[in-house]
Protein chains: 2
Amino acid sequence: MGRKRTKSGKIRLAEVAELAGVSPITASRFFRNPEALSVAKRTRVESAARELGYVPNLAARALASQRTEVIGVLIPSLTNNVFSDVLRGIYDASEGSRYSIQLSNTRYSILQEEKLLRLFLAQKPAGLIVTGIDQTAESRAMLEAADCPIVQIMEIGPSPVDMMIGFSHYDAARAAITHLFAQGHRRIGFVGARMDPRVQRRLDGYVSAMKDAGLFEQRLVVTTATPTSVTLGGALFADLLAREPDIDAVFCANDDLALGVLFECRRREIAVPEQIAIVGFNDLEFMASAVPTLTSVRTNRYEMGNTAATMLIEAIDGRRPEQPVLDLGFKVIERQSSSSRHQDNRLAASGGGAANKMVALPSSHD
Amino acid sequence: MGRKRTKSGKIRLAEVAELAGVSPITASRFFRNPEALSVAKRTRVESAARELGYVPNLAARALASQRTEVIGVLIPSLTNNVFSDVLRGIYDASEGSRYSIQLSNTRYSILQEEKLLRLFLAQKPAGLIVTGIDQTAESRAMLEAADCPIVQIMEIGPSPVDMMIGFSHYDAARAAITHLFAQGHRRIGFVGARMDPRVQRRLDGYVSAMKDAGLFEQRLVVTTATPTSVTLGGALFADLLAREPDIDAVFCANDDLALGVLFECRRREIAVPEQIAIVGFNDLEFMASAVPTLTSVRTNRYEMGNTAATMLIEAIDGRRPEQPVLDLGFKVIERQSSSSRHQDNRLAASGGGAANKMVALPSSHD
DNA sequence: AGGATCGTTGACAGCGCTACCAGCACAGAC
DNA sequence: GTCTGTGCTGGTAGCGCTGTCAACGATCCT
C-alpha cells in the first residue's frame with residue numbers, strides 16, 4: 001500500500017496491461033469478466049493491477065460502454081426513520097456489487113420526482129429504485145421507456161412498471177383495526193400526518209374497516225399535511241380528544257405519532273390501554289421499549305430495501321427474478337398498549353418484547 | 001414537453017450546436033460559462049438546448065475535463081438520526097448547485113473509511129466531506145494529498161486537513177454535567193453505547209467534569225460497543241442501577257439511550273427528576289415531547305451538514321471561506337427531567353417546549 | 001485428415017465532451 | 001496606418017476505456 005504513482009497520480013489501464021505483458025483490451029476484460037481470461041494472464045493482470053494500485057476510471061468506462069454502474073434511488077425523505085432503514089438495506093445490498101448508489105430526495109413531490117427522473121435517466125443508470133406507485137403520467141412514461149430495470153418499493157399495486165416490492169398499506173391498516181375490534185374497541189380514532197399516498201391508503205384501510213363494522217364517523221379522523229413528529233402526535237391527539245372525548249382507541253399512521261399520543265395520555269393521566277388503546281405503524285425499535293409497550297404494525301423496511309436492490313442487480317446482470325412483484329407483508333405486533341389482557345403495565349418486565357403476539361398476514365389486493 | 005428525441009434517445013452537444021448555428025465548443029461553453037458568450041449566441045444555444053431537451057453527458061464531461069462534479073460524503077451510519085439530519089443539510093445545500101452527492105457508509109470502521117476514501121479519490125471528486133477527525137494515518141495522508149477541498153464534520157479538533165465544522169463533544173458533555181451539578185446532583189452516572197470517537201470524547205468530558213468535582217468513580221460509567229437503541233438505554237441503566245443504586249442522575253451519550261432510561265424509570269416507578277435526573281445528547285425532536293420533558297444538549301446537525309456542503313461548494317468554486325474551521329457550538333436545553341424546580345411533571349402542560357431554558361456555549365478547546 | 005467449434009487474444013475505432021491554442025474582428029493607443 | 005489588447009469563436013486532439021470484429025491455436029467431431 002501507499003506505493004507511489006507515476007506523475008499526476010494516474011495509473012491507466014494501458015500501464016497495467018504493459019506491466020502484465022498483455023494488450024489493454026485483455027486487461028480491460030480482466031476487470032469485467034475475469035473468467036474469459038486464461039488463468040495465467042488473469043494472475044498476471046491481477047498482480048500488475050495490485051502492484052500499480054490501479055483504480056478504473058469510471059467516467060471513461062461509462063463513456064465507452066454507454067452505460068454506468070450507478071443505481072439511482074428516489075425516496076421522498078431522508079429524515080423519516082422508515083426510509084433510513086430502507087436505504088440501509090439498499091446500501092448493504094449494493095456493497096460488494098460493482099454498482100454504486102445515487103440517491104435523491106423528492107421531498108414528497110411527484111413533480112420534483114419527475115424532474116429528478118429526467119436527470120437520472122439522462123445518465124443511463126444501470127437501474128432505478130423509485131418509491132411508491134403514484135408517479136406523474138410523464139414520469140410513468142419515462143420509466144416505461146427506460147432501458148434499465150426498475151423497482152418500485154414501499155407498496156404494491158396493480159400494473160408495475162417493471163419490478164415491485166412492498167406491501168399493502170390498505171390491508172395493513174385494516175389488520176390493525178381488526179385487531180382493535182378483537183380487543184373490544186369500537187370508537188377508534190385515526191391520527192395521521194403528512195398524508196402522502198401511503199398514509200392516505202392507511203387511512204383508506206381504516207375507513208373501510210370502520211365502515212364494514214358500521215362504526216365509521218368522519219369526526220374520528222384527524223389529519224394534517226404537516227410532516228410527522230412525536231410532538232405533532234400529541235397535538236393531533238389533543239384535537240381528537242377535544243372533538244370526541246369518548247374514543248376508546250387510536251390508530252396512528254406511524255410510530256412517532258403513536259409515541260406522541262402515549263406521552264399526551266400520560267400528561268393527561270389517561271390510562272393506556274385501559275381507557276384508550278394505541279396502535280402505531282412500522283414498529284420502530286422504541287415501540288417495544290415504551291411503557292406500556294406499544295402495539296404496532298411491523299413492516300419489513302430493511303428487507304424491502306435490501307431485496308429491492310438485490311433483485312435490481314440480478315435483473316441488471318440479466319437474471320430477472322421469477323417473481324417480479326413481491327409482497328413482503330406485515331405483522332400486527334400486539335403489545336400492552338392495545339391488549340385487553342393487560343392489567344398493570346407499571347409492573348411489566350423490562351423490555352416487554354418477550355411475549356409479543358404476532359398476527360402475520362401477507363397483504364392482498366381486492 | 002415530452003418532445004421526442006432522435007434515435008436511441010441521445011441528443012449530443014453537437015446537435016444543439018448545429019441547431020443553434022454555432023460550433024460545438026461554443027455550445028459547450030454555454031453550459032459552463034454562459035457569460036463568455038455574446039448575448040445573441042447565448043440565447044440561440046439556450047433555446048436550441050431547450051428545444052432538443054438536451055441533457056449533458058456527465059461521463060463524457062468528466063472524462064474530458066479530468067474532474068467530476070461529485071461531492072463524496074463519508075458517514076459512519078445511515079441509521080442514526082443524527083446523520084440523517086446532517087445528510088439532509090448536505091443534500092439541501094447541494095441542490096441548486098451543479099454538484100451531486102455520492103454517499104458512502106463507513107459503518108464506524110476507519111479501515112472501511114480508508115478503503116472508500118481510496119475509491120472516491122480515484123474518481124477525482126470535486127470535494128469531500130468526511131466525518132470526524134480520527135482517520136487512519138494512510139487516510140490522513142490521502143486526504144492531505146488530495147487536490148480537492150475537504151471538510152471534516154461533526155467535531156472540531158487541532159490540525160484540520162482542510163476545512164472543519166463541528167463542535168467540541170468534550171465541552172458539550174462537560175456543560176451537561178455542570179448543569180447537573182448546578183441542579184444539585186452529585187452521583188451522576190454515564191450511559192453510553194457504540195463508543196465511537198465522539199461518544200468517547202463525551203465520556204472524556206464527563207470524566208473530567210466529575211474528577212474536577214472530586215466525584216468521579218469508574219463504577220458510575222456503563223458503556224457497550226453495541227449500537228445504540230432505546231431498549232439498550234433501558235438495559236444499560238438497569239445495569240448501572242444494579243451496581244450503583246444510589247445514583248441521583250444519568251447523563252446519556254445520546255437521546256435514544258435517554259428515552260430508554262426514562263422508560264426504565266417508569267417501569268421501576270422511579271420518579272424523574274425527583275429521584276433520578278436524566279440528560280440526553282443531541283436534542284432530538286421527541287425530547288421536548290416526552291413526559292417529563294427531557295433535558296438534552298442541542299447540537300446543530302442540519303446546520304452542520306448544510307454549512308459544510310455550502311463551504312465546500314464555495315471552496316470548489318475558488319472562494320475559500322475566511323473561516324476554515326467553524327465551531328457551531330451547542331446548547332444545554334434544560335427541561336423537566338433535570339430541573340430541581342420541577343415539582344409535578346404529571347400536571348405539566350402539553351408539549352412542554354414552551355419555557356425551555358437554554359444555556360448556550362460556543363465550545364472551546366483546552 | 002478436414003472442417004467446425006471453442007476459447008482466448010488483439011487491433012481498431014470511437015463514446016461525447018472539453019483543454020488548448022489559434023484566429024478573427026474590433027477598439028483604442030501610438 | 002500599424003500595433004496591441006480584448007472579447008469571442010472555432011479547430012484539433014485527445015481524456016481512458018470498451019464494443020466490435022477478426023484472428024489465432026487448440027480441440028473436437030465425422
Side-chain angles (χ1 to χ4, degrees), chain A residues 5-46 48-49 52-70 98 121-124 126 147 318, chain B residues 5-46 48-49 52-70 98 122-124 126 147:
Chain A
R5 323 267 172 79
T6 60
K7 58 176 164 64
S8 83
K10 58 182 75 163
I11 295 290
R12 297 199 312 299
L13 188 56
E15 267 107 275
V16 176
E18 194 180 20
L19 180 62
V22 300
S23 73
I25 190 66
T26 300
S28 168
R29 270 192 275 266
F30 169 76
F31 292 100
R32 292 174 293 147
N33 184 17
E35 268 76 65
L37 299 198
S38 63
V39 181
K41 307 231 167 180
R42 202 185 306 171
T43 51
R44 292 235 302 283
V45 175
E46 182 168 18
L52 295 171
Y54 172 73
V55 183
N57 180 323
L58 264 30
R61 177 179 288 177
L63 181 60
S65 68
Q66 295 286 67
R67 57 197 164 68
T68 61
E69 289 173 345
V70 171
R98 65 178 188 285
L121 253 9
Q123 305 310 323
K124 300 187 182 295
D147 64 345
Chain B
R5 322 266 171 79
T6 59
K7 56 172 166 71
S8 82
K10 58 182 75 159
I11 295 290
R12 297 197 313 300
L13 189 56
E15 267 107 274
V16 176
E18 193 182 18
L19 180 61
V22 300
S23 73
I25 189 66
T26 299
S28 168
R29 270 192 275 264
F30 168 76
F31 293 99
R32 292 173 294 146
N33 184 17
E35 268 76 67
L37 298 199
S38 62
V39 182
K41 306 230 168 184
R42 200 185 308 171
T43 50
R44 293 236 301 282
V45 175
E46 182 168 17
L52 294 171
Y54 172 72
V55 182
N57 180 323
L58 264 30
R61 177 179 290 178
L63 181 60
S65 68
Q66 295 287 66
R67 57 198 161 67
T68 62
E69 290 173 345
V70 171
R98 65 178 188 286
Q123 305 310 325
K124 302 189 181 291
D147 63 346

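Just so it is clear: chains get the letters A, B, ... in the order the sequence lines come, proteins before strands, and each one is counted from 1.
Minimum heavy-atom separation, Glu46(A) to Phe30(A): CB-CZ, 3.6 Å. Taking both residues in full, the closest heavy atoms of Val55(B) and Ala122(A) are given as CG1-CB, 3.3 Å, listed atom of the first, atom of the second, then distance. Counting all heavy atoms, side chain and backbone alike, Ala27(B) lies closest to Ala17(B) at CB-CB, 3.9 Å.
From the 5' end on, the contacts that DNA chain D makes with chain A at under 4.0 Å to a non-hydrogen atom open and close at dG16(D) to dG19(D). Between chain A and DNA chain C, the heavy-atom contact criterion of under 4.0 Å yields a 5' to 3' nucleotide range of dT8(C) to dG16(C).
Arg98(B) is linked by a salt bridge (charged side-chain N to carboxylate O under 4.0 Å, His left out) to Glu69(B), Asp317(B), counting only residues two or more places apart in sequence or in another chain. In this structure Ser23(B) satisfies the side-chain hydrogen bond (donor to acceptor under 3.5 Å, both in side chains) test together with Thr26(B), sequence neighbours excluded.
Taking a 6.0 Å sphere around CZ of Arg42(B), one finds it holds more than 12 heavy atoms contributed by other residues, nucleotides or ligands. Around atom CG of Asp147(A), no more than 12 heavy atoms belonging to other residues, nucleotides or ligands sit under 6.0 Å away. In this structure, Gln123(A) places its CD atom where more than 12 heavy-atom neighbours from other residues, nucleotides or ligands lie under 6.0 Å away.
Leu63(B) contributes atom CG, which lies 13.0 Å from atom CZ of Arg61(A) (distance to the nearest 0.5 angstrom). Atoms CZ and CG, on Arg32(B) and Leu37(B) in that order, are 10.0 Å from each other to the nearest 0.5 Å. Distance check, rounded to the nearest 0.5 Å: CG of Leu13(A) to CZ of Arg29(A) gives 11.0 Å. Put simply, CZ on Arg12(B) and CG on Leu52(B) are 11.5 Å apart, with the number rounded to the nearest 0.5 Å.
Across all strands shown, Arg42(A) has no heavy atoms under 4.0 Å from either base or sugar-phosphate atoms.
Side chain of Thr68(A) to backbone of Ala62(A): no donor-acceptor contact under 3.5 angstrom is found.
Residues of residues 18-32 of chain A that place a heavy atom closer than 4.0 Å to DNA chain D, in numerical order, are Ile25(A), Ser28(A), Arg32(A).
Comparing the start and finish of the helix from dA1(C)-dT30(D) to dC30(C)-dG1(D), five pairs each, the helix axis swings through 30°, to the nearest 10 degrees.
Along DNA chain D, the nucleotide nearest Ala36(B) and the nucleotide nearest Ala64(A) are compared for position; the residue whose nucleotide lies closer to the 5' end is Ala36(B).
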